[in-house]
There are 2 protein chains.
Amino acid sequence: MTYCLAAQVKSGLVFTSDSRTNAGIDQVSTYSKMHTFGREGDRQFVLLSAGNLATTQGVVARLQRDIREGWESSLFTVSDMHVAADYVGAISRDQQTRLTGGGTTFEASFILGGQIGNDPPAIMLIYPEGNHISASDTTPYLQIGESKYGKPILDRIINADTSLEQAALCALVSMDSTMRSNVTVGPPIDLVIYRAGSLRAGEHVRLNHDSPYLRELKKSWENGLAEAFRKLPPLNLAGAGEHLREVSTVSH
Amino acid sequence: MTYCLAAQVKSGLVFTSDSRTNAGIDQVSTYSKMHTFGREGDRQFVLLSAGNLATTQGVVARLQRDIREGWESSLFTVSDMHVAADYVGAISRDQQTRLTGGGTTFEASFILGGQIGNDPPAIMLIYPEGNHISASDTTPYLQIGESKYGKPILDRIINADTSLEQAALCALVSMDSTMRSNVTVGPPIDLVIYRAGSLRAGEHVRLNHDSPYLRELKKSWENGLAEAFRKLPPLNLAGAGEHLREVSTVSH
């Protein structure tokens with residue numbers, strides 16, 4: 001499996017992804033699921049991918065080729081983020097339909113985020129079908145892959161006014177919760193922080209399992225959760241609700 | 001959807017379930033997914049159910065009838081918890097195969113927990129296929145339905161030595177996280193606390209959305225999480241890991 005997450009706050013964008021790829025339990029590999037594309041002062045993109053590795057690698061190769069060979073349609077020519085997402089979606093559809101095999105699915109999902117010129121930064125989720133949705137002020141994050149374990153913390157912490165640093169911290173905590181609950185999501189973790197309006201490649205850090213900072217973060221979060229748990233109001237069943245005496249109990 | 005959870009600690013068992021049932025977004029109802037059966041001093045059971053409502057109601061009706069009519073096989077005659085789980089699994093299979101319809105699935109899953117005589121208390125997850133697994137010291141909880149949102153907190157807090165009260169608190173927090181992230185899981189919440197060796201019906205409380213205790217618990221947990229988040233070590237990318245400069249950036 002995979003877990004990728006992008007968050008959009010007023011001051012910029014945060015992206016994080018894991019690196020575990022598996023095709024059966026004895027074929028586990030490490031591949032980055034994050035690719036960046038950009039031209040300083042003009043536009044910057046980060047692409048996160050989940051799904052069939054052949055499809056996602058094929059899509060990334062096409063995106064790179066279209067730029068390198070100066071094709072009419074490429075991430076360097078698209079006029080806005082929606083056109084960019086449509087373009088990636090079309091390439092993804094094309095890659096998937098090339099690959100036909102008995103019952104195997106070659107689906108892939110993507111998150112494309114970035115900024116073009118004076119447009120505001122944006123993040124989009126591109127479905128296997130090629131269509132896409134964008135994040136909004138009320139839903140300031142998008143996830144692909146194994147998204148449920150890491151969602152509660154996002155729902156509680158991230159909103160449009162969250163600082164870029166806090167959003168990045170929250171993304172790392174969300175990733176940590178996911179890795180803890182699902183062994184098929186694993187390090188290294190890629191993290192990119194893109195500052196709105198900079199049009200320069202974001203800060204990109206790869207955190208390994210033995211990253212001292214990641215260890216400190218995990219430990220601090222674990223301690224914080226344990227403390228939050230200790231501080232909960234003691235179980236007070238008397239005042240909690242309706243008390244039922246053996247509702248459906250059958251005695252004879 | 002549904003979220004049901006049972007935890008097994010040394011001092012007893014904890015069960016919790018939500019009450020939202022839906023068949024399409026405009027047909028949302030409230031049904032308890034928790035049923036209790038027992039004979040004081042002899043045996044006690046709690047059954048949690050997820051899946052097709054007609055199937056789960058059919059299973060519960062059969063379990064009740066078999067007890068009421070004194071059938072040879074019933075929850076009041078089974079010799080141990082594994083036999084009890086097999087018996088419920090067989091009835092579940094039977095109910096599912098009676099119902100045949102074009103493409104519709106009538107599957108249901110159950111968690112059966114309880115204690116028979118001098119045997120230790122146990123909890124079992126009964127799959128739609130009728131077979132079952134039991135919890136263990138290393139995996140002291142079982143979930144059915146929408147299980148992922150509420151799993152991280154269980155993984156961090158519950159172990160065999162957790163007190164019954166703490167396990168119940170943790171179950172409520174797990175339920176709260178799930179309800180927050182998935183609107184198809186909703187109150188009232190049933191909670192049963194069964195003390196090991198008591199062979200008496202556990203304490204059964206139904207918490208509504210407006211339960212003052214539930215509100216206090218939610219607020220305390222939200223504050224605790226926010227505080228845990230504030231106390232995280234500040235983002236320190238310099239010491240976090242390998243810094244990548246525009247790895248896959250194509251510039252031309």
Side-chain angles (χ1 to χ4, degrees), chain A residues 35-40 60 64 67-68 148-149 151-153 155-157 165 168-170 173 177 180-181 188 201 203-208 211-214 216-217 220-222 224-229 231-237 239-252, chain B residues 35-40 60 64 67-68 148-149 151-153 155-157 165 168-170 173 177 180-181 188 201 203-208 211-214 216-217 220-222 224-229 231-237 239-252:
Chain A
H35 292 86
T36 59
F37 307 84
R39 199 154 53 182
E40 209 166 304
V60 169
Q64 290 173 331
I67 292 175
R68 197 175 50 242
K148 293 185 179 182
Y149 299 115
K151 185 169 182 288
I153 184 64
D155 285 335
R156 294 183 198 266
I157 301 286
E165 286 68 25
L169 264 180
C170 188
V173 169
S177 293
R180 206 188 146 105
S181 285
E203 195 161 8
H204 187 165
V205 183
R206 183 163 294 159
L207 296 98
N208 284 303
S211 154
Y213 176 71
L214 196 58
E216 196 191 339
L217 186 71
S220 167
W221 183 242
E222 215 153 88
L225 281 188
E227 196 177 325
F229 192 76
K231 284 185 181 165
L232 287 178
L235 197 64
N236 167 20
L237 292 186
E242 184 189 352
H243 281 251
L244 309 179
R245 284 300 294 167
E246 315 185 9
V247 195
S248 323
T249 302
V250 187
S251 304
H252 69 165
Chain B
H35 292 85
T36 59
F37 307 85
R39 199 152 55 182
E40 208 164 307
V60 169
Q64 289 173 332
I67 292 175
R68 196 175 51 241
K148 293 185 179 182
Y149 300 114
K151 186 171 183 285
I153 183 66
D155 286 335
R156 294 184 199 265
I157 301 286
E165 286 67 26
L169 264 181
C170 189
V173 169
S177 292
R180 207 188 145 104
S181 285
E203 195 162 8
H204 187 164
V205 184
R206 184 163 295 159
L207 297 99
N208 285 302
S211 155
Y213 177 70
L214 197 58
E216 195 191 339
L217 187 72
S220 168
W221 183 242
E222 214 153 88
L225 281 188
E227 196 177 323
F229 193 77
K231 284 185 180 166
L232 287 179
L235 197 64
N236 167 19
L237 293 186
E242 184 189 350
H243 281 251
L244 309 179
R245 284 300 293 167
E246 314 186 12
V247 195
S248 321
T249 304
V250 186
S251 305
H252 71 161

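Here is the naming used below: chain letters follow the sequence lines, and residue numbers restart at 1 for every chain.
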Undergrad: Below 4.5 Å, heavy-atom pairs only: which of B:Asn208, B:Ile153, B:Leu225 has the largest tally toward chain A?
TA: B:Leu225
Undergrad: Chain A heavy atoms under 4.5 Å from B:Glu227: which part of the residue, side chain, backbone, both or neither?
TA: side chain
Undergrad: Checking heavy atoms, do the side chain of B:Pro234, its backbone, both or neither come under 4.5 Å from chain A?
TA: backbone
Undergrad: Which distance, rounded to the nearest 0.5 Å, do you find between the CG of A:Asn236 and the CD of B:Glu165?
TA: 12.0 Å
Undergrad: Which atom names give the shortest non-hydrogen contact between B:Lys151 and A:Tyr149, and what distance separates them?
TA: CD-CE2, 3.7 Å
Undergrad: Identify, with sequence neighbours excluded, every residue that meets side chain to side chain contact (heavy atoms under 4.5 Å, CB included) alongside A:Arg180.
TA: A:Glu222, B:Asp155, B:Arg156
Undergrad: Are A:Leu237 and B:Tyr213 packed together at the side-chain level, in the sense that at least one heavy-atom pair is separated by less than 4.5 angstrom?
TA: no
Undergrad: Heavy atoms only, distances under 4.5 angstrom: which of B:Pro233, B:Pro152, B:Ser211, B:Ala228 has the most pairs with chain A? Name it, please.
TA: B:Pro233
Undergrad: Is B:Leu214 in contact with chain A via its backbone, its side chain, both, or neither, using a 4.5 Å heavy-atom distance?
TA: neither
Undergrad: Sort B:Val173 into side chain, backbone, both or neither according to what part of it lies under 4.5 angstrom from a heavy atom of chain A.
TA: side chain
Undergrad: Specify the closest pair of heavy atoms between A:Phe229 and B:Trp221, including all atoms of both residues, with the distance to one decimal.
TA: N-CZ3, 3.7 Å
